[in-house]
Amino acid sequence: VSNARLGVTATFGCPGCRWSGAADPVCWRCPRCGEPIEFVDGGAAPRRLVPTPSERSGVWRYADWLGVEDPISLGEAQSPLITWPAPGGQEVLVKNESVLPTGSFKDRGAAVLVSWLRAQGAARVVVDSSGNAGAATAAYCARAGMGCEVFVPAYASAAKVAQAEAYGATVVRVTGTRADTARAAERRAAAADVPYASHQWHPAFLLGVETIAFELWEQCRRTLPDVIVMPLGSGSLVLGMARGLAALAHAGLLGAMPRLIGVQSDRCMPIACLLGAQAGRAGSDRSIAEGVQIADPPRKRQIVAALRAGGGTALAVGDDEIRAAQRRAAALGLLIEPTAAVGLAAMVREEVASASRAVVVVTGSGLKTLAGESRRTSGRLVA
Ligand SMILES: [Zn+2]
């Protein structure tokens, strides 16, 4: 567990080769071995994980824990936890992250990462994204008065690209794979000497995502469910959840650790294959779940370890199953994008259906992709 506070005196460390150095806003990977870096706890300042009832809601409810003194806020709310009918007749709890300011869970990470970079003196950032992280980073940069350049794959949803542009970001479309987009952003950040605010690499982003675990813990009255199901692409949600739960356990606030289940697309399922949980090839093909289409996540070893630690696993679902889950959710009043529906699509799998109490995280609003999907259908035209 990274127990480091943020703040201007933070230190970076590499768990791989034991490098450490002063936290630098333009550093995003280990300068010695190239592996992902973490914040290393330098100070002994006390931290408060459990807020008082009157403290604000959302990600900044845990500002003291995060060590952020000057948060950039868009008035984040606690995302709702609602009971939801599963196809087998049982009930699950749905944690609806689509209500966050830009419509996805990425706001948790972007709020903390952009706040930290601003405190470090950054005036602009470069980021790469299939859509949601770019929109979230663009919004928080706009709120902070910072510049933002977003690199997206050419296949990214038009609405997500338009959203980042609406916040004032400069959008660069990159042909090729999602990995080609990441490399283009890395090169741009290095050439311009600007922070690369990557949700796949940066530890400040993961710190922000930890708050979803704290929120769940408060909403479940300190008794977490057996199983937590969530989309798995770059792993920022799985890792943030795992680290948040580990922090709660470390503080003596957690009984049994829930099993974490990451859900991928069967067209791109590197973690499910690494875990041996799914037969077939890892793949890197296009899926309607564009947000989980990450063929080689930088933190893949950490993701595998986090899932294995609590007896969890990774599953993969097909586009037809995703579409069906998305339609079923909308028919019950919950409009979510395909990527956000992968967890609901996995509810019929034995690993989830056998749980006595499961939480399924839905990560992004259906408004993000609605324009593209509505072209395939049409309403009745009345003269
Ligand atoms: Zn290293």
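Numbering of ligands and ligand atoms starts at 1, following listing order.
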Taking 4.0 angstrom as the limit, do R48 and E55 come out as a salt bridge? yes
Checklist entry - Any donor and acceptor pair, going by atom type alone, linking the side chain of E91 with main-chain N or O of W84 inside 3.5 Å? => result no
Quick note, side chain to side chain donor-acceptor pair (under 3.5 Å) partners involving residues 130-146, not counting sequence neighbours, are E76-Y140, N132-E337, N132-K368
Polar contact flag, side-chain donor to acceptor under 3.5 angstrom, D319-S287: yes
Side chains of Q90 and R357: do they bring a donor and an acceptor to under 3.5 Å?
no
* **Short side-chain donor-acceptor distance under 3.5 Å, N96 and S79** => no
The protein N, O or S atoms lying under 2.8 Å from the Zn ion (ligand 1) are C14 SG, C17 SG, C30 SG, C33 SG
